Structures are given as C-alpha cells and as structure tokens.
Protein chains: 2
Amino acid sequence: MTEAVTTPATRRYSGRDAGERSAARRERLLEAALDLFGTEGYQVTPIDRLCSAAKVSTRHFYQEFTNKEAVLIALHSQITEDALTATATALAEAPAAPIEARLVAAVTAYLRTIISDPRRVRVSFVEVVGASPAVEQTRLEYREAIIATVTHEGEAAIARGEIPPRDFRFAALALIGALNSVVYDWSLHQRKSADELEVALVALATTLLTG
Amino acid sequence: MTEAVTTPATRRYSGRDAGERSAARRERLLEAALDLFGTEGYQVTPIDRLCSAAKVSTRHFYQEFTNKEAVLIALHSQITEDALTATATALAEAPAAPIEARLVAAVTAYLRTIISDPRRVRVSFVEVVGASPAVEQTRLEYREAIIATVTHEGEAAIARGEIPPRDFRFAALALIGALNSVVYDWSLHQRKSADELEVALVALATTLLTG
DNA sequence: CCAAAGCGAAAAGATACATTTTCGATTGTG
DNA sequence: CACAATCGAAAATGTATCTTTTCGCTTTGG
C-alpha cells in the first residue's frame with residue numbers, strides 16, 4: 001500500500017496557521033460588534049460596518065459567522081459567561097461563608113464585570129432584548145441559568161437555617177430586572193460613582209434575597 | 001368679489017366622514033400591531049402583514065403612519081398612557097391616604113392594566129427595548145415620567161413625615177425593572193395566579209419604596 | 001523563482017421590504 | 001343616471017441590505 005502522505009492543505013501566513021488567523025478575525029469581529037452594537041445599536045449596524053470596523057472582508061465574515069444575529073449571540077454569550085464565571089469564582093472563594101457574605105461577593109463580582117464597560121451594559125441589557133426570536137431565546141436561557149444559581153444558593157442557605165424559605169424564582173427575577181434598569185440608567189447618566197452604585201445594589205440584593 | 005363657495009372636498013362613505021374612516025383604519029392598524037408585535041414580534045413583522053391583518057391597504061397605511069416605527073411608538077404610547085391614566089385615577093381616589101395605601105392602589109392599577117393582555121406585556125416590556133433609536137428614546141421618556149410620579153409621591157410622604165428620606169430615582173428604577181422582568185416571566189409561564197402575582201408585586205413595591 | 005494558497009476589495013447577484021403609483025370597481029351626490 | 005370621490009388590490013419602483021463570487025495582488029513553501 002502506498003501511503004498518500006497529504007501535505008496539509010493549509011499554509012502559515014504572517015506567522016500564524018489557518019486556525020489562528022481565523023480566530024483572530026473572529027475576535028476582531030467580536031470587538032467591533034461590542035463597539036458598534038454597544039454604542040450605535042444592533043439593529044442599525046449593517047454587516048458592512050461591522051466588517052470595516054473589524055478590518056475583515058465580508059468574504060471572511062461569512063467564514064466565521066452565519067449572519068449578524070450569530071455575532072450578537074456570540075457576543076452576548078461571551079459577556080454573560082464572563083460575568084457568570086466571575087460570579088462562580090467569587091462564590092468559590094468564600095466556600096463556607098454565610099449567605100449574606102456570599103451574596104455580597106457574587107453581586108459585586110457580577111456587577112464589576114458588567115459595568116467595567118458601558119458597551120457591555122448596553123449590549124446585555126438593551127440590545128439583546130427582543131432583537132430576534134433566536135437572540136431572545138438565548139437571553140431567556142441565560143436568565144434561567146442565573147435564576148438557577150440564585151435558587152441554588154438560596155436553598156442552601158435555607159438548609160443551613162440561615163434564612164426562612166421564600167420564592168427564589170420571584171426574588172431572582174426581581175433582582176435581575178432591578179439590576180438591569182438601575183445599571184443601564186447609571187451607564188447613561190452616571191449620577192453616582194461606581195462604588196456608590198455597588199453599595200446600593202448590594203444592599204438591594206440583600207433585601208430581596210435575605211431581607 | 002365672487003365668493004368661491006367650495007363644496008367640501010370629502011364625501012361620506014359607509015356612513016362615516018373622512019376623519020372617521022381614517023380613525024377607524026388607524027385603530028385597526030393599532031389592533032393588528034398589538035396582536036402581531038405582541039405575539040410574533042416587532043422586528044419580524046413586515047408592513048404587509050400588518051396591513052392584511054388590519055384589512056387596510058398599504059396605500060392607506062401610509063396615509064396614517066410614516067412607517068412601521070411610528071406604529072410601534074403609537075402603540076407603546078397608547079398602552080403606557082392607559083396604564084398611567086389608570087394609576088393617576090387610582091391615586092386620585094385615595095387623596096388623603098397614607099403612602100402605603102396610595103402605593104397599593106397605584107401599583108395595583110398599573111399592573112392590572114398591563115397584565116390584562118399578555119400582548120401588552122410583551123410590547124411594552126420587550127418589543128420596545130432597543131427597537132430603534134427613536135423608539136428607545138420614547139421608552140426612556142416614559143420611564144422618566146414614571147420616575148417623576150414615584151418621586152413626587154415619595155417626597156410628599158417624606159414631607160408628611162411618613163417615611164424617612166431616600167433615593168427615589170434608584171427605588172423607582174429598581175421597581176420598574178423588577179416589575180418588567182417578573183411580569184414578563186409570569187406572562188410566559190403563568191406559574192401563579194394573577195392575584196398571587198399582584199400580592200407579591202405590591203409587597204415588593206412596598207419594600208422598595210417605604211420599607 | 002515559481003506555483004499555489006491566501007488575501008482584500010469590490011463586483012455581482014439575490015432578496016426582502018418599503019414606498020409610490022396605477023387601475024378598475026364601488027359608492028355617494030346632485 | 002352621471003360623474004367624481006373613494007376604495008382595495010396589485011403592479012411598479014426604489015433601496016438597503018445580505019450573500020456569493022470574481023479578480024488581481026501578496027505571501028509562502030519547496
């Protein structure tokens with residue numbers, strides 16, 4: 001049998017292999033999307049704008065994403081998973097703490113991740129809402145993930161006898177909604193410092209979940 | 001001088017004058033918009049669908065509205081003003097009551113107006129969010145109107161010595177956001193009765209504003 | 001240095017809508 | 001009844017994308 005030793009069909013370019021170049025384009029597109037969706041808005045940004053801002057040709061755009069909607073979903077996922085990871089880490093660092101302390105850690109971590117960039121605020125609190133059926137679906141899925149985390153934490157605290165039982169789905173939804181609108185308003189008007197915002201929201205979370 | 005006695009350029013049709021016919025078309029369009037925007041979504045509804053659902057020709061559509069965006073804005077205004085009117089009426093009916101009672105009356109009235117129709121919930125809590133720059137602007141304006149009402153009520157209660165001072169802008173934003181997400185979730189899943197929802201949200205409002 | 005991989009820019013093609021205009025059929029009015 | 005307003009339906013037009021394809025220029029690897 002003669003071995004068909006196939007030379008890799010791909011070639012290195014500017015020192016990077018195909019996968020790296022593709023990943024770099026994808027990243028530039030996501031950065032451009034954060035910027036344009038987060039300042040001008042998803043609906044009013046055509047793919048062309050996205051491509052020129054990212055310095056990616058439309059040919060390559062379609063190599064990375066199916067369409068504009070897919071970019072928004074990827075961006076939203078990235079932002080949200082970032083925040084959820086930060087939250088999980090913060091919780092893991094206070095493993096045996098009482099619910100109040102865990103709550104402060106979690107909310108602070110979540111908040112800081114999001115408000116570190118006003119464009120993130122706008123994308124995850126405004127642009128993804130009702131953008132399209134598919135986007136709306138992932139938004140609701142992430143929402144369920146947050147509700148699950150809150151509920152899990154809450155039930156554990158109840159089991160430890162730290163707080164009385166309550167409807168955590170309701171509390172989580174109230175907290176999520178309150179956070180969204182307060183943070184978005186803050187990012188628009190900056191009426192208080194980030195620290196003051198944090199204090200106010202941590203207090204709110206405490207009231208809603210353990211108060 | 002010969003008087004140019006102009007016969008009215010308009011004629012009655014099916015018993016209605018031009019203004020009435022036009023108003024009827026407008027109303028049918030708004031009803032169709034409530035239905036389509038509130039079940040399928042604003043972004044995915046083309047003007048054609050709107051027109052056929054409303055039994056209005058596209059020619060007449062453009063006699064009533066500039067474009068689809070104008071319909072959404074008109075619909076949103078109608079829903080919101082409905083709710084604000086109900087709230088104002090409820091407040092007017094308890095003129096000398098303490099803040100807690102006024103709050104219960106206001107929140108109940110607001111809630112009932114909105115949840116009376118799940119399509120209203122979706123339009124005012126989801127579809128208008130980030131739909132377009134102009135829509136977003138009116139959404140934020142209505143939000144400011146609600147904040148102003150809440151603040152006004154709250155300051156009055158402070159003046160009467162019923163509650164200590166607080167940041168009502170923050171409290172109002174938190175309440176609005178919490179209401180939005182809780183009510184939207186309720187309209188999707190109906191995990192509790194409308195009465196239970198009402199009770200939970202009134203309690204939440206009381207905590208946020210006077211607790 | 002050459003053949004092929006890869007690239008960016010831009011043309012070309014395809015849609016989906018938005019918006020305007022036309023047209024024949026109704027319906028009041030005098 | 002006649003004629004003009006009005007109508008609904010649909011054709012025609014315009015436009016802004018989206019998406020695919022072409023093309024000539026670079027870069028790489030042998």
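Lettering of chains follows the sequences in order, A, B, ..., and the numbering in each one begins at 1. As the structure is a computational prediction, the values presented were derived from the model and not from experiment.
If you check the side chains of B:Thr206 and B:Glu100, you find no donor sitting under 3.5 Å from an acceptor.
Residue-level contact check: A:Arg59 touches the bases, meaning some heavy atom is under 4.0 Å from a base atom.
Residues satisfying the salt bridge (charged side-chain N to carboxylate O under 4.0 Å, His left out) test with B:Glu69, not counting sequence neighbours, are none. A:Tyr142 is linked by a ring pair (Phe, Tyr, Trp, His ring centres under 6.0 Å) to A:His76, counting only residues two or more places apart in sequence or in another chain.
Dashed line: the shortest gap from a side-chain N or O of B:Tyr13 to OP1 or OP2 of D:dT6 is not under 4.0 Å.
Within a 6.0 Å sphere centred on CZ of B:Arg166, other residues, nucleotides and ligands contribute more than 12 heavy atoms. Counted within 6.0 Å of CD on A:Glu141, heavy atoms from surrounding residues, nucleotides or ligands total more than 12; the atom is thus considered enclosed. Within 6.0 Å of CD on A:Glu196 lie more than 12 heavy atoms contributed by other residues, nucleotides or ligands. Under a cut-off of 6.0 angstrom, the local environment of CZ in A:Arg191 is crowded, with over 12 non-hydrogen atoms contributed by other residues, nucleotides or ligands.
No donor-acceptor contact under 3.5 Å links the side chain of B:Arg11 to the base of C:dT29.
One atom, OH of B:Tyr62, and another, P of C:dC17, lie 13 Å apart when rounded to the nearest Å.
Along DNA chain C, the nucleotide nearest B:Thr58 and the nucleotide nearest A:His60 are compared for position; the residue whose nucleotide lies closer to the 5' end is A:His60.
A pairwise comparison of heavy atoms in B:Ser181 and A:Leu173 identifies OG-O, 2.5 Å as the closest pair. Contact between A:Ile114 and A:Arg120 at its shortest, heavy atoms only, is O-CB, 3.7 Å. Pairing each heavy atom of B:Ala171 with each of B:Leu209, the nearest pair is CB-CD2, 3.5 Å.
Proximity of residues 38-56 of chain A to DNA chain D (heavy atom under 4.0 angstrom from any strand atom) is restricted to A:Pro46, A:Ile47, A:Asp48. Residues of residues 18-29 of chain B that place a heavy atom closer than 4.0 Å to DNA chain C do not occur.
The list of salt bridge (Lys or Arg N to Asp or Glu O under 4.0 Å) pairs with a residue in residues 127-138 of chain A, not counting sequence neighbours, reads A:Arg122-A:Glu127, A:Glu136-A:Arg139.
Distance from the side chain of A:Lys68 is smallest to D:dC18 among C:dT19, C:dT29, D:dC18.
At its two ends the helix from C:dC1-D:dG30 to C:dG30-D:dC1 runs along axes set 0° apart, each axis drawn from five pairs and the angle rounded to 10°.
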